[in-house]
2 protein chains.
Amino acid sequence: MSDAPSTRTALASPASPSDTAHGTHHSGSIPIQVTPQALKVVCSNCNLRELCMPMGLNDAQLQRIDEVVATRRKVKRGATLFRNGEEFTSLYAIRTGFFKTCVATEDGRDQVTGFQMAGEIIGLDGIVNDQHTCDAVALEDAEVCVMPFDRIEELSREVTALQSHVHKIMSREIVREHGVMLLLGSMRAEERLAAFLLNLVQRLHTRGFSQSELVLRMTREEIGSYLGLKLETVSRTFSKFVEEGTMEVKQRHVRIIDPDALRRLVNPQNCG
Amino acid sequence: MSDAPSTRTALASPASPSDTAHGTHHSGSIPIQVTPQALKVVCSNCNLRELCMPMGLNDAQLQRIDEVVATRRKVKRGATLFRNGEEFTSLYAIRTGFFKTCVATEDGRDQVTGFQMAGEIIGLDGIVNDQHTCDAVALEDAEVCVMPFDRIEELSREVTALQSHVHKIMSREIVREHGVMLLLGSMRAEERLAAFLLNLVQRLHTRGFSQSELVLRMTREEIGSYLGLKLETVSRTFSKFVEEGTMEVKQRHVRIIDPDALRRLVNPQNCG
DNA sequence: CGCACGGTTGACCTGTATCAAGCCGGGTGG
DNA sequence: CCACCCGGCTTGATACAGGTCAACCGTGCG
């Protein structure tokens, strides 16, 4: 709801071979194909391609697309991929790991603007002023594909599908943020947390993880910042969900028992 | 602060010849040039060009840019330019008038996601799914330039400056929304209203209007929706500002007496 | 083993929502 | 031209969600 999942095609192969990365994998319904070529550092062989690159390209176009990724870069947990004020040069496609992006006021308050996982693109904020306006922090060891933006622009003048893809990615981010504004502007704590969890689990499911179990990579405080709540409120709301039998929560491990209860919270009128 | 004004070049000529449109004009420091050519329906002669089109183009490129605008469209006050669910075909550059965009939940709650004025572009939300995901409603009689998106894409493959411009516009919108998230997630009522007014007056100033006086085109309820507050809270907060001598408010007419007081509210640490 | 950080829970407080009454001003019709 | 009406706005009284402050716990890491 606070995302735009509808255009994202279902992913046949999971994003990450590590099944402890974000959550719990399906009980085998989707086979994990770790082909030898998957190790090659090109988009055309990347099993995340369907998440971050356009589809329906022919081989020649795929070859061109490979030119977009200049290098890979590893980011340790807690380190920043980029910071507010740093020069903008590239977009980053997340290969593995989990990020948060946050903006800050001059007086120290900060606001998490999003959590990003494998296959998602970060850095779009930097385009307008040629410098980043937020921090991107890895919440677990991560690896990203570095895609110099001038190269993206150059190539997207030639490959129409890439051009369209870039536009859609930016538009999707705008629509996602509309959803967050709706959440922050008009929902109560329970609804916010419910929407957040449904969104997370949905994105993880797209990547081959369980629909009902997930491991949170962020603290209660970070969740609270994202949702416009204090960490105590996040904690209490989790406890409430547990009391009501909607989910089990053990630290950062969450198992959703009654997803419909969450959906009813987010969509009050459907509770007939 | 919740906008990204820094890259927007100062505008030499005001957006609209009507000085009752949004606020009060400068006391004559900036001459209003209504040239005969201004009536011609092309970007190259539009005095809003510097707001919505790339700069530093040569004549040939300017000619091409003119091809982007297919037609003009008038939208009466209260009417919609587009609605959630409608097919996306075009972006719109506002020539005159004032819009709000809003998203809605299925159960009727809605959230104003932004207010747009002359020179700004709306419709970006529609790109990702080829249909609009919000409503754009004119808050006063308006006129927009209709720019079919396929034409924009086509042309921006050839004119690098246009390509870059489109990317910057989308990125700017993303950054603006980050600012709104910060506002909704971490500010109190007074700070929100202060930030809102400062942002509005700054954008109006860029268009040749007064820095201190403005006429609100939206109701208290719409301001409240945008700021995540109820209309009563917006009204009370206005009253508080008036009591404190920060501004004069008479219905929708606002005169800011002490802008620094507002800035201090938004940036608490600068109140030394 | 113990420390430190993250998380939980309780008691209390406050900012904003809610409900309600009345006001103001602009537009309409007599 | 005036009276009325209605939508938008203001203001007051009260309720409540979530914030704040504080104590404690658990767990994972050094």
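Chain identifiers are assigned alphabetically (A, B, ...) following the order of the sequence lines, protein sequences preceding nucleic acid strands; residue numbering begins at 1 within each chain. Treat the numbers as computed from the prediction; the structure is a model and nothing was measured.
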Item checked: Proximal nucleotide (of D/dT11, D/dC21, C/dA17) relative to the A/Arg236 side chain -> D/dC21
Next item on the list: Indicate whether OP1 or OP2 belonging to C/dG25 is found under 4.0 Å from a side-chain N or O atom of B/Arg252.
Entry: no
Check: Between B/His253 (NE2) and D/dG8 (P), how many Å, whole number?
Finding: 20 Å
Next item on the list: Please work out if A/Leu229 contacts a base, only the sugar-phosphate, or nothing of the nucleic acid, heavy-atom cut-off 4.0 Å.
Entry: sugar-phosphate
Note to self: Go nucleotide by nucleotide along DNA chain D from the 5' end; which of A/Glu232 and A/Arg192 gets its closest nucleotide reached first?
What the structure shows: A/Arg192
Note to self: Could you tell me how far apart B/Leu231 (CG) and C/dA21 (C1') are, to the nearest whole angstrom?
What the structure shows: 14 Å
Notebook entry, point to check: When all nucleic acid strands are considered with a 4.0 Å heavy-atom cut-off, which category describes A/Gly224: base, sugar-phosphate, or nothing?
Noted result: nothing
Checklist line | Student check: side-chain heavy atoms of B/Phe115 and B/Arg217 closer than 4.5 Å | finding: no
Check: Can you check whether B/Ser239 has a side-chain N or O nearer than 4.0 Å to OP1 or OP2 of D/dT11?
Finding: yes
Margin query: On DNA chain C, compare the nucleotides closest to B/Lys230 and A/Glu221; which residue's is nearer the 5' end?
Written below: A/Glu221
Next item on the list: Could you grab the distance from atom CE of A/Met117 to atom CG of A/Leu48, nearest 0.5 Å is fine?
Entry: 12.0 Å
Next item on the list: Answer whether the closest heavy-atom distance between the side chains of B/Tyr92 and B/Phe82 falls below 4.5 Å.
Entry: yes
Notebook entry, point to check: Which distance, rounded to the nearest 0.5 Å, do you find between the CZ of B/Arg176 and the CG of A/Asp125?
Noted result: 15.0 Å
Checklist line | d(CZ, A/Arg220; P, D/dG26) in whole Å | finding: 15 Å
Item checked: Donor-acceptor side-chain pairing of A/Glu248 and A/His253 below 3.5 angstrom -> no
Next item on the list: Give the rounded distance in Å between these two atoms: CD of B/Glu248 and P of D/dC9.
Entry: 18 Å
Notebook entry, point to check: Which whole-number value in Å describes the distance from A/Glu140 CD to D/dG28 P?
Noted result: 16 Å
Item checked: Separation of atom NZ in B/Lys250 from atom C1' in D/dT10, rounded to whole Å -> 15 Å
Item checked: Value in whole Å for how far the P atom of D/dT11 lies from NZ of B/Lys240 -> 14 Å
Next item on the list: Can you tell me the distance, in whole Å, between the CD atom of B/Gln251 and the P atom of D/dT11?
Entry: 11 Å
Next item on the list: Give the nucleotide from the list C/dT16, C/dT9, D/dT11 with an atom nearest to the side chain of A/Ser235.
Entry: C/dT9
